[in-house]
Each structure stands twice: as C-alpha cells, then as structure tokens.
Amino acid sequence: MKDYLLCTLFYCVFTLLLIVFGNAINRKNKSISENLITGYLVYSFCVAIIGIPLQVLNVPWIVFGVCMGVLWIGIGLYILYRRKYNNLAICKFQLKEYLTDNWMIYVVGAVMIFMLLFYYAGFWLGNHQDDGYYITKVATLSYSPIGGNYNYSVGTMNTGFNSYIVNTWELEASVYVKVLGVMPTLFLRLFQSAFYYFLYLNLIKWVAEIIIDKLNVKANVKMAQYVLGIVPLMCAYYIFLSDTGILVLRDGFHLNTGMFLGASFVKLFGCLLFGVVLLQFDAKKNIVQSLVYCIIISVVLISKSTIALPIIIVSGVAAGIVALWQNFEKKGKVISFALAFIYIALGIIIPNSESIQKTVKADIISTKNSLLIYPCIIIFLVSFFMREQVIYKLNAHVLLMIAMIAVPQCNDIFEECSVYDFVGGRAWSAVAYYFIILNVVYIYIILRKIHIKDFVVRIAYGLIGILSCSMMLAGFQKYGGEILPQEECKKADMRLCLSVIRHNMYFAPDSTIELGHQLEELAKEKDKKINIVMPKAVLIDGTLHFLAVSVRTFAPDVVSLSALERFNGTNNLEYKGYTQQKYDGFVAEPNETTYEELKQEIQNLNVDCIVVKNPNCGEWLEKDGYQYYATVGEYYIWNMR
C-alpha cells in the first residue's frame, strides 16, 4: 500500500507542477490542458538534452540523477521568477468551472485506468516480451551503465550500435523509481500508463479547443471536452478491435498494457503535436517560435522512441508544406511547391524498400476496411464543404501524410527512415489515430453548421461516449480470455482478472518478484554477478509469463542466460552457443541422457545457479556439484557449491 500512496502523491505533485510550469512559460492565462502539455513538453525536452549526451558519454547513473535534481530546482526557480514578474505565472482557476469544462477527461480517464485492472494476461506476457527490456532497464539502470549497448534483459553488453541511446524515458523513470523506492512494474504499468492516458486526453481537448476557436461559425469552445468520448473505443482490447474489424492497426496492445512505453507516446501524440503547431502558425507573428516548437517536439518524440523518426519526417514536412502554402501568399506557394518537388525527387533517388512498402500497404488496406474508419471517411469528405480555412489546413496535412506514406516513390524517404517493417506500420497507426480524432472534432462543427443546439450535441457525444465505454468493457469480456491474436478468441473471466491483480498488487506475478529477490540475495552472498538458467516461460494464473526476460527487474545482479533466445547479440562469445532447448528437455524428462546434453551445453558458461520447477531434477543436479538453496513457490533454486 505504501507504494500506491507514494506513486499517487508523486503523480499528483508532478502534474500540478507541470501545469504551473506550463503557465509560467505561456505567460498568458491559457487553458489547463494547454499549460499541462506545454509544461510536459518543455520538461521532457530538458530531460532529453541532458540525458542523451550523458548516455553517449556513458557516465555513472548518479550523474544523471544529480542533473535531474538540478533541473527540478531550476524549474522551481523559474516558476518563482515568473510569479514575481508576471501575476499570471501561478495558475488561478475556479474549481467548479474547471470541473464543468473538464469532467469528461476524468470520467474517460477513470474508465481506461479501471480497465488496466483486467489486463493481467497482457502484463504477465510482458507486452510480447518487450517489457523484458524496457521495465528491466528502468529497474536496473541505477546498477548498470546508462550508455553503451547494454543488454538489460540478459545482464551483459551487446555488440553493435545501440539505437536506444537517444531514448531517455527509461532513464527518467529510473530516477523516480529509485528515489521513491517503489516497485517499477507498479510505477510503470499502472501509474505511468494512467498519467499518459490523462496527458493524451488533455492533448485531444486542447486540439479541439484550438479548432473550435478558429472557426468562422459561432461555436462554444467549452464543447471541446466532448470529443473524448471516442477514446475508450480506440483504446479497447486489441483482439476485440481486430477480430471484429472495428479498428485494425498494428500493435494495438500498446494502448492496453503498454501505454507507459515510449512507442505508445509517439504513436498517439506525434501527429497531434505537429497539428497544434500548424494550427497556431502565424506568418506575421511566430515563425521562429513555430520552428522552435517543432524542434522541441521532435527531440521529445525521439527521446521517447526511435520509431518517432518517420512520424517526425512525414508529419513535420507535411505541416511545413501546408503552412508555407497558406500563410505566405504567392511566394509561399512557390516555396511549398519546390519543397514538395525536392521531397519527391529525393524519394526517386533513394532506393525503395519492398519489404516495408508491402507491410505498410497491407496495414493501410486493413485500416481502410475497418468499421470505425468508414464514418470517418464520410465526415472527412463532408468537412471540405464547410468552407473553413482551419479544416482545409488540417485536411491538407492529413492527405499529404497519407501520400508520403502510401504513394510509391513519394514514400521512399519514409521507408528509409522507418528501417524496419514494424516501425513503418506503427507510423501509419499514428496517422490513423490522428485522422480519427480530427473527424470526431469535425462532427461538432458539422452539427453547428446546420444549427443544432449545443445540448443536442452533448447528447450525441454522450451517446458516443457511452457506446465507446460499453464496447470497451463488452469487447474485453468477450475476447479477453486470449492474449495472442492468432489463437481462437475466448471469453474473459472478469472476476478472475480482478482477483489476480488483487493478489499481485505490483502488476507482476508475486512468485517472479519473490524469485528475483531470492536470486539477488544469492548473488550478494556470492559477492558477484551470477549466471543462471531457468524456465523461459511458465504458466501463471492460467496464462503465459516469460520468466527469463522478467527476472532481472527484481534481481539486477544476475545474468539470465535463458533470456538470450529473445534478446541475443551479447559480447560474451561463449554465451552464443547456449540454447534453451537442452534445458527444456532436461526439466521435462530428467534422466542421465537429457542431463548430459544440458551439462555439455553449459559446461563453459560458469552457470552458478539453475532454477527448475520439477523437483525430480535435483537427483542429477546434486550429483554434479549443485546444492539445494531455496524454494520459492513452484521454483527450486540449485546453487553451485
């Protein structure tokens, strides 16, 4: 319970400070949503420009920790400075008015956070094992190098260049986890996910406010919050969305169990943030300011995940072309046309990636055929007849992005920046989420154009929200019993889901946490980093859990050789010969033959510890110099004498 209280207190204080910081930066009495997003972007930019060079230099973790402390002191002093010279630097708002204008944020956010309590199977799977890297990195950075190419899942150095060296969100989170002394799985899977949901809802509301404020038609900017009703459907259980054909996008599980990941932030926030810059661009006032915002956004997105690069290129270039065309008269049109021509010419010169193009094309077709996209396409086409410059601008932005991703030759730069197939697919998902949000905002504009009163619009959006929340819950109930999309769908046992989380309060299996702590104690007794082999995957609470890639989250001083199958590339050449198959054969059927095969495989690996679930393995392990150390649940730990 202490961890829950500390995490709750931290994020409440963190959010309030970001709002005040954002208000101090804006220097005007902006909306709470705008101040929060502004504060978070500038703060994250500062973290990135501190963290990236320190990771490149591979300095001790404590150096970054101290820099974070200095950063927060600097933010505090800046807030006080703005308060002294600008009375608007401290947020002043009426609580009743704030809740009236923002209650949808809290209702929708509460629904999505509540759904996290049902997703234990996805958490146990570790987001298809990705958590074995990201959560373990957050948990162990304070015990390991912060730069280089460290394999956090295994506990060794990797070969080659580390593209993650420009990502700082794990480094930032490691400071919070270390200072608070809380369980990293709880901090990330529940609290950071909840914070990103809250941040995303505020960003959507802010975008809607800007659009409504710029309309020629008389419209109420306070209606902006009602567009949030569609978000629960977008974030519904990914197998439900794909199997029913409601919304088919790559890696939809990120919005369920991986919201805390940097990739999720990039997919949901990237296009919207560039859309904000485009909406607020004014050729007569803030050209330099807009360029600065673009730089800040780009650095922040890259610091969250390197999958941001194609999104930055596509969304940023498209926004630049539209801004030049609409704001600089004839000269601007010439420059924007020249920029588009140069972009296409570079695309022709750069070689095509057939693999990425094929993957993205398949993703586009799947998305186009999604049930949720059909009404969005109709709304999008109708929006052109509303004669609003702000809509022309946004629609041009969307169409250019689609062309830069989908049209052959035009998409070669996008493919080059994507590098991998899945990165290209995720970039397309980012555009699709952006497209959906814009069209939900357009619904209000269309209704206002035909003189529908606001109370009727509220009812319409309220029905969308109720339908979205109902489908989110019902969809999981019907499809949540299966975690792998290629398997036959199963109904979820809702009571079991809540019971599992209630008995595993840190959003990770208690048995894995206890095993990790026991192995860490063994490492301390030996006073060295110990090599271990263990089950790669186990069944816990009726679902698959990848133990080998998760254990180092709770045991930073072990080398998990069984994680090499998923996270290979280690510098230790002797480890490259290890395969989990000999171990699996031995624990499944312990006998002289199977143990001899395992023994030959690990004889040069200095294996200090073997963890098994089969008690019959002890007979052969004991003969070969291992001694029984401890039992943790179903796990038997055997230690080399």
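Since we're looking at a predicted model, the values are computed, not measured.
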Quick one: do the [X] and [Y] side chains pair a donor with an acceptor below 3.5 Å?
{"X": "E172", "Y": "Y43", "result": "yes"}
{"X": "H397", "Y": "Y434", "result": "yes"}
{"X": "T367", "Y": "W428", "result": "yes"}

As an exercise, state the distance from [atom1] of [X] to [atom2] of [Y], rounded to the nearest 0.5 Å.
{"X": "K478", "Y": "D243", "atom1": "NZ", "atom2": "CG", "answer": "10.0 Å"}
{"X": "L372", "Y": "L249", "atom1": "CG", "atom2": "CG", "answer": "9.0 Å"}
{"X": "L188", "Y": "T553", "atom1": "CG", "atom2": "OG1", "answer": "9.5 Å"}
{"X": "L371", "Y": "I246", "atom1": "CG", "atom2": "CD1", "answer": "6.5 Å"}
{"X": "F546", "Y": "S153", "atom1": "CZ", "atom2": "OG", "answer": "12.5 Å"}
{"X": "N504", "Y": "L186", "atom1": "CG", "atom2": "CG", "answer": "12.0 Å"}

Closest approach of [X] and [Y], non-hydrogen atoms and distance?
{"X": "L438", "Y": "L394", "answer": "CD2-CD1, 4.0 Å"}
{"X": "G424", "Y": "V360", "answer": "C-CG2, 3.7 Å"}
{"X": "A319", "Y": "L278", "answer": "O-CD1, 3.6 Å"}
{"X": "V431", "Y": "I405", "answer": "CG2-CD1, 3.6 Å"}
{"X": "V227", "Y": "V440", "answer": "O-CG1, 3.6 Å"}
{"X": "G480", "Y": "A492", "answer": "C-CB, 3.6 Å"}

query: Step by step, would you call F240 with F476 a side chain to side chain contact (heavy atoms under 4.5 Å, CB included)?
result: CA-CA 7 Å; F240 159 66; F476 179 77; over 6 Å; no
Look only at the side chain of [X] and the backbone of [Y], and say whether a donor-acceptor pair between them is shorter than 3.5 Å.
{"X": "T168", "Y": "L171", "result": "no"}
{"X": "N439", "Y": "I377", "result": "no"}
{"X": "Y4", "Y": "M505", "result": "yes"}
{"X": "T543", "Y": "L539", "result": "no"}
{"X": "T185", "Y": "Y506", "result": "yes"}
{"X": "H254", "Y": "S264", "result": "no"}
{"X": "E388", "Y": "V390", "result": "no"}
{"X": "N256", "Y": "Y238", "result": "yes"}
{"X": "D3", "Y": "M183", "result": "yes"}

field: Pair R250-T359, side chain to side chain contact (heavy atoms under 4.5 Å, CB included): steps then yes or no
entry: CA-CA 10 Å; R250 181 173 292 271; T359 298; 3.0 Å; yes
statement: Given the options F260, F10, Y40, F195 meets ring pair (Phe, Tyr, Trp, His ring centres under 6.0 Å) only with Y40
Matching residue for Y11 among Y197, F187, Y196 - test: ring pair (Phe, Tyr, Trp, His ring centres under 6.0 Å): F187
- request: Inspect the surroundings of OH in Y420 and state if more than 12 heavy atoms from other residues, nucleotides or ligands are less than 6.0 Å away.
  value: no
query: Does NZ belonging to K449 count more than 12 external heavy atoms closer than 6.0 Å?
result: yes
message: Once ring-ring contact (aromatic ring centres under 6.0 Å, His included) is applied, do any residues pair with H128, and if so which ones, sequence neighbours excluded?
response: F253
task: Please name all residues satisfying ring-ring contact (aromatic ring centres under 6.0 Å, His included) with F269, sequence neighbours left out, ordered by chain then number.
output: Y200, F265
Name all pairs fulfilling the salt bridge (Lys or Arg N to Asp or Glu O under 4.0 Å) condition that reach into [range], sequence neighbours left out, sorted by first residue then second.
{"range": "residues 263-272", "answer": "none"}
{"range": "residues 105-127", "answer": "none"}
{"range": "residues 199-215", "answer": "K205-E209"}
{"range": "residues 422-447", "answer": "D251-R426"}

Any residue meeting salt bridge (charged side-chain N to carboxylate O under 4.0 Å, His left out) with [X], in chain and number order, not counting sequence neighbours:
{"X": "D454", "result": "R448"}
{"X": "D130", "result": "R566"}
{"X": "E415", "result": "none"}
{"X": "K536", "result": "E565"}

task: Given salt bridge (Lys or Arg N to Asp or Glu O under 4.0 Å), test D131 with R189 step by step and report yes or no.
output: CA-CA 10 Å; D131 290 359; R189 286 173 170 165; 2.9 Å; yes
field: S383: side chain to side chain donor-acceptor pair (under 3.5 Å) partners, not counting sequence neighbours
entry: N395
field: For S174, all residues meeting side chain to side chain donor-acceptor pair (under 3.5 Å), sequence neighbours excluded
entry: W61
- prompt: Side chains of T8 and C12: closer than 4.5 Å at any heavy-atom pair?
  reply: yes
message: Here's a test for you: under side chain to side chain contact (heavy atoms under 4.5 Å, CB included), which of V382, I211, I379 qualifies with I445?
response: I211
- prompt: What's the verdict on side chain to side chain contact (heavy atoms under 4.5 Å, CB included) for S44 and K304, showing C-alpha distance, side-chain angles and the deciding distance?
  reply: CA-CA 9 Å; S44 296; K304 301 300 182 184; 3.8 Å; yes
message: F198 vs N202, test: side chain to side chain contact (heavy atoms under 4.5 Å, CB included). Steps then yes/no.
response: CA-CA 6 Å; F198 181 70; N202 275 276; 3.4 Å; yes
- request: Decide yes or no on ring-ring contact (aromatic ring centres under 6.0 Å, His included) for Y226 and Y444, but give the supporting numbers first.
  value: CA-CA 9 Å; Y226 291 97; Y444 173 64; 8.9 Å; no
task: Determine, using ring centers only, whether F118 and F123 are less than 6.0 Å apart.
output: no
- prompt: Stepwise, does the ring-ring contact (aromatic ring centres under 6.0 Å, His included) test hold for Y164 with Y133?
  reply: CA-CA 11 Å; Y164 296 110; Y133 180 86; 4.9 Å; yes
